[in-house]
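Below you'll find the structure, written out as structure tokens, and then a few comments.
Just so it is clear, the model here is predicted, and its values are computed rather than measured.
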Amino acid sequence: MIETSSLRPLAAVLVAALSIIGIVVFRARPNVREGWSVLGALGAVAVIASMVPGVLAGQVYVTDLGTFVPGVRFALRVDPLGLLFGLLASLLWVITTFYSIGYMRGLDEHAQTRYFAAFAASVAAAVGVAFARNLLVLFVFYELLTVATYPLVTHDETGEARAAGRKYLAYTFGGGVAVLAGVVLLYVLTGTTAFTPGGIAALAEADPVLARAVFALLITGFGVKAALMPVHSWLPDAMVAPTPVSGLLHAVAVVKSGVFGIARIVLDVYGPGLMGDLGVGLPLAAIAAFTLLTASVIALRKDNLKRRLAYSTISQLSYIVLGLAILSPASMVGGLLHIPAHAFMKLTLFFCAGAIHVETHTDDISDMAGIGRRMPVTMLAFAVASAGMAGIPLVAGFVSKWYLLIGSVNSGQSIFAVVLLISGVLNIAYFWPIVYQAFFETPEASDGKPLVENPIGGRYADAPDDRPAAGTRADGGRPADESNDDRDNERSESDRDQSMTTDETSLGIETTHETGSDTTAETPPPEAQDSAVETDATQSEGEQAVDRYPSDHGLSEDDERKENAADSEGETAGPGEDRENPEHGAPHDHAYDEPHGPPAGGWERRALGEEGSWFVLGPIVAAAVGAIVLGIVPYWAVFLRLVGLIVAGVTGNPGVIG
């Protein structure tokens with residue numbers, strides 16, 4: 001690689017950052033304001049794309065701004081790995097900007113200026129993460145990304161949004177502290193924090209115990225944003241944010257910055273050779289395998305579409321980490337290629353979820369039977385992206401997972417190939433029912449199958465001690481007789497919250513303790529005892545457990561949402577917010593708008609392209625087409641060529657992609 005001094009790496013960051021000024025200055029003129037957002041996105045992707053030919057030819061572009069701290073320079077460097085992430089972030093920013101215009105206007109959102117400004121700041125920080133020349137500069141932009149995305153997570157300004165924001169900051173700043181500690185210790189051991197393909201040579205001569213400690217600190221810190229278990233729970237809670245923000249979190253910037261940081265550690269700080277010598281690759285692979293399987297199982301149990309997609313993201317990110325941790329050339333190709341593959345597919349899925357919300361105010365999978373009649377383009381794109389997530393050929397996910405499987409087998413770690421295959425089956429299990437019921441069922445004939453409901457193995461319903469079998473529900477259901485309903489209604493909100501068993505508890509992940517009716521059944525009145533067997537028969541005739549006890553929307557959550565709405569009433573607009581502008585509505589909770597579910601008489605049939613604004617449909621189609629292109633011609637889509645250069649530079653094997 002030949003280093004070339006250039007201002008283009010700095011320009012890519014500044015173009016995105018300077019667009020914030022135009023967005024804020026023209027806050028009273030929405031069309032001009034959003035024009036600045038589009039201009040910033042197009043400018044950033046143009047600057048970054050201009051460096052693609054040079055990088056493919058072996059050049060590295062460097063902007064050196066001088067000494068940052070003693071021994072460390074503040075420099076930006078565009079190498080193949082940085083270009084992979086930077087090009088992806090800027091390209092998807094263009095698509096997401098157009099989608100945001102349609103989404104935010106469609107819901108008449110408040111604080112749109114703050115939203116677009118924070119979005120631009122987030123992408124600028126993500127590009128800085130991509131182009132950082134050393135770990136310390138990467139850490140600076142990594143923390144700026146956390147600050148920039150916080151207003152987006154808390155955009156709704158409800159109690160739930162603020163709680164999610166606090167959790168987001170606690171987790172990500174905590175991870176940042178771990179990264180900083182690792183950077184300091186690395187500098188003490190080696191005297192440098194600069195990225196070097198194949199690893200920092202001086203690290204191989206350091207004390208192995210300290211080298212492992214540095215690795216643990218850095219992986220833990222970046223693992224927070226990569227949503228590795230058990231530091232993953234901030235991500236599903238952040239789904240309270242607007243859908244374009246969910247796309248930013250899951251596809252464009254935040255979680256990808258986490259896996260990008262892990263890629264830098266594996267490839268350019270330690271290198272595959274030193275990781276093998278220290279024995280740290282296998283533990284990392286095991287954590288990734290556990291995360292991708294467990295998150296897939298949890299996704300099966302989620303009725304809210306965005307939360308199901310959130311756990312799907314947690315699973316898919318671990319494909320990337322697993323490919324890097326296996327340390328074979330093919331697996332590294334698969335892991336790195338899954339960064340853009342997952343980005344296009346998951347952005348499509350979140351865009352579809354947002355379009356459904358904007359047009360129908362429907363968020364729960366159990367309410368989406370027949371919705372393909374109402375939104376054919378949206379659900380067709382959803383089906384394409386779902387197929388890719390499951391690894392079906394001709395979509396992006398197939399190519400990356402092919403390399404992952406080959407790499408696992410070639411490295412003699414076939415157990416991880418089995419894990420990948422099982423995860424693929426689970427992907428089909430939680431995506432296919434959504435697609436099937438959207439196109440092949442109606443609200444009147446839906447059987448409620450998209451959910452695996454309540455604790456695995458079932459639970460005991462309210463039944464007398466001398467008749468335990470009569471009260472057992474293999475599917476987790478419980479009797480729905482009047483006495484039980486009355487008793488549920490009489491319980492306090494805290495008791496109801498405790499009785500709702502969390503998915504993570506049932507899988508042994510979280511520490512929430514279950515009390516109330518789930519662990520100690522109250523003795524029902526005689527009429528309830530007599531009706532227990534009868535209720536079993538009634539349920540077996542077609543009623544599903546999910547019909548009575550949806551996963552994400554129990555009675556206690558209704559009360560909580562009412563309290564959140566009450567808390568948000570009467571709040572004054574903060575500095576820079578647009579609430580006084582008549583074009584904007586009041587803040588609201590995106591997840592629970594009314595009306596909810598299909599209208600009376602079922603979904604209205606719409607022709608292709610008539611289901612909503614093309615500001616929303618256009619980006620959906622663009623993202624889905626991108627996923628298909630990556631699945632058919634990944635080499636000519638640039639990303640596979642960049643991945644080949646990255647792996648060749650680390651392993652010395654130029655023929656890894658054929």
Side-chain angles (χ1 to χ4, degrees), residues 1-3 9 60-82 85 128-143 174-226 257-285 287 321 324-325 327 332 336 646-652:
M1 289 288 181
I2 302 172
E3 288 196 357
V60 175
Y61 297 94
V62 178
T63 300
D64 193 333
L65 300 179
T67 300
F68 183 30
V69 295
V72 180
R73 301 188 70 80
F74 198 106
L76 301 176
R77 181 175 184 267
V78 181
D79 60 2
L81 180 56
F85 182 35
V129 168
F131 295 163
R133 185 172 188 171
N134 56 66
L135 261 177
L136 188 58
V137 175
L138 190 154
F139 167 77
V140 171
F141 284 108
Y142 190 77
E143 295 299 273
V177 170
V179 170
L180 181 59
V183 172
V184 171
L185 188 54
L186 175 69
Y187 182 79
V188 171
L189 291 177
T190 65
T192 183
T193 63
F195 298 128
T196 305
I200 298 172
L203 193 56
E205 302 172 2
D207 185 326
V209 174
L210 292 178
R212 293 187 184 98
V214 172
F215 183 84
L217 286 169
L218 294 173
I219 294 299
T220 300
F222 289 120
V224 172
K225 283 183 180 173
S257 72
V259 294
F260 177 80
I262 291 176
R264 282 294 193 194
I265 300 306
V266 171
L267 302 176
D268 295 338
V269 175
Y270 280 78
L274 181 57
M275 284 186 62
D277 293 340
L278 294 175
V280 294
L282 184 59
L284 179 59
I287 293 172
V321 178
L324 294 168
L327 301 179
M332 287 188 284
L336 293 171
I646 296 165
V647 176
V650 171
T651 64

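Scanning all heavy atoms of the two residues, the minimum distance from G279 to P283 falls at O-CD, 3.3 Å. In terms of heavy atoms, V214 sits closest to G182 at CG1-O, 3.7 Å. For the residue pair G276 and L327, the shortest heavy atom distance occurs at N-CD1, 4.1 Å. Taking all atoms of both residues into account, the shortest heavy-atom contact from L76 to G128 is CD2-O, 4.5 Å. The two residues A211 and L203 make their nearest non-hydrogen contact at CB-CD1, 4.5 Å. Between A285 and A325, the shortest heavy-atom distance links the atoms N-CB, 3.5 Å.
Here the CD-CG distance, from E143 to L180, works out to 8.0 Å after rounding to the nearest 0.5 Å. To the nearest 0.5 Å, atom CG of residue N134 and atom CD1 of residue I200 are 9.5 Å apart. Interatomic distance, R212 CZ to D207 CG, rounded to the nearest 0.5 Å: 9.0 Å. For the atom pair F215 CZ and L210 CG, the distance stands at 15.5 Å (nearest 0.5 Å).
For residues 60-70, the salt bridge (charged side-chain N to carboxylate O under 4.0 Å, His left out) pairs, not counting sequence neighbours, are D64-R73. Sorted by first and then second residue, the side-chain hydrogen bond (donor to acceptor under 3.5 Å, both in side chains) pairs with a member in residues 268-282 read R264-D268; sequence neighbours excluded.
Residues that satisfy the ring-ring contact (aromatic ring centres under 6.0 Å, His included) test with F139, not counting sequence neighbours, are absent from this structure. Looking at residues two or more places apart in sequence or on another chain, you find a ring-ring contact (aromatic ring centres under 6.0 Å, His included) between F260 and F85.
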Using residues 186-198 as the side-chain source, report each donor-acceptor pair under 3.5 Å to any protein atom, sequence neighbours left out, with the distance given to one decimal.
residue: Y187; atom: OH; partner: P70; partner atom: O; Å: 3.3
residue: T190; atom: OG1; partner: L186; partner atom: O; Å: 2.8
residue: T190; atom: OG1; partner: T192; partner atom: N; Å: 3.3
residue: T190; atom: OG1; partner: T192; partner atom: O; Å: 2.9
residue: T192; atom: OG1; partner: A194; partner atom: N; Å: 3.1

Can I get a per-line list of side-chain donor-acceptor pairs under 3.5 Å for residues 219-226, giving both atom names and the distance, sequence neighbours left out?
residue: T220; atom: OG1; partner: A216; partner atom: O; Å: 2.7
residue: K225; atom: NZ; partner: Y142; partner atom: O; Å: 2.9
residue: K225; atom: NZ; partner: T146; partner atom: OG1; Å: 2.7

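Counting heavy atoms from C-beta on, the side chains of L218 and L135 come closer than 4.5 Å. Taking the side chain as every heavy atom from C-beta outward, M332 and T651 approach each other to under 4.5 Å.
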Derivation of the side chain to side chain contact (heavy atoms under 4.5 Å, CB included) call for L336 and L81
CA-CA 9 Å; L336 293 171; L81 180 56; 4.1 Å; yes
